[in-house]
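Basis for what follows: all heavy atoms, side chains included, without hydrogens, waters or symmetry-related copies.
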Amino acid sequence: MLDRLLDPVSHALGPEAARRLVGLRGDAQVQQRIDDLADRANEGQLTTEERSEYDALITAATVLGILQSKARAVLDSHPDT
């Protein structure tokens with residue numbers, strides 16, 4: 001459902017915006033926080049607040065991944081631009 005919800009975004013992307021979206025990466029500090037929370041989650045040591053933060057970060061990463069996939073499809077359909 002999330003993929004379908006985000007589908008209209010791909011129709012609004014031009015090749016330049018799609019290239020920028022594909023190139024987006026979280027910074028090292030964000031990645032370190034995700035890694036720390038993941039380790040704590042695997043050990044069953046997350047507080048309620050940390051669980052909420054971790055869930056939000058995972059959801060954001062999922063949304064970004066879906067958008068990047070859609071952006072790649074836009075670029076595949078415009079190979080000359």
Is it the case that more than 12 heavy atoms not belonging to Q45 sit under 6.0 Å from its CD atom? yes
Distance check, rounded to the nearest 0.5 Å: R33 atom CZ versus L57 atom CG? 8.0 Å
Decide whether I58 and L24 are clustered together by the hydrophobic rule: side chain heavy atoms of Ile, Leu, Val, Met, Phe, Trp, Tyr closer than 4.5 Å, transitively. no
Measuring only between side-chain heavy atoms, which start at C-beta, is L21 closer than 4.5 Å to L64? yes
Gap separating the OG1 atom of T62 from the CG atom of D3, nearest 0.5 angstrom: 11.5 Å
Nearest heavy-atom approach of V22 to A71 is CG2-CB, 3.6 Å
Inspect the contact between E43 and R40 and indicate whether a charged nitrogen and a carboxylate oxygen are less than 4.0 angstrom apart. no
Quick check on side-chain contact (heavy atoms from CB on, under 4.5 Å): which of D36, L37, V30 does I34 satisfy it with? V30
Ion pair present between D55 and R51, side-chain N to carboxylate O less than 4.0 angstrom? yes
Does T47 offer a backbone N or O that forms a donor-acceptor pair with the side chain of E50 under 3.5 Å? yes
Which atom pair, heavy atoms only, marks the closest approach of L5 to P8? O-CD, 3.3 Å
Establish whether I66 and V74 are linked, either directly or via other cluster members, by ILVMFWY side-chain heavy-atom contacts under 4.5 Å. yes
Using atom types as modelled and distance alone, determine if a side-chain donor or acceptor of Q31 lies under 3.5 Å from a backbone N or O of G26. no
Go through the steps for Q29 and Q32 under the test side-chain contact (heavy atoms from CB on, under 4.5 Å), then give the verdict. CA-CA 5 Å; Q29 186 177 7; Q32 184 61 53; 5.7 Å; no
Between atom CZ of R25 and atom CD of Q68, what is the distance when rounded to the nearest 0.5 Å? 5.5 Å
Walk me through whether K70 and L6 qualify under side-chain contact (heavy atoms from CB on, under 4.5 Å). CA-CA 9 Å; K70 292 182 178 302; L6 296 171; 4.2 Å; yes
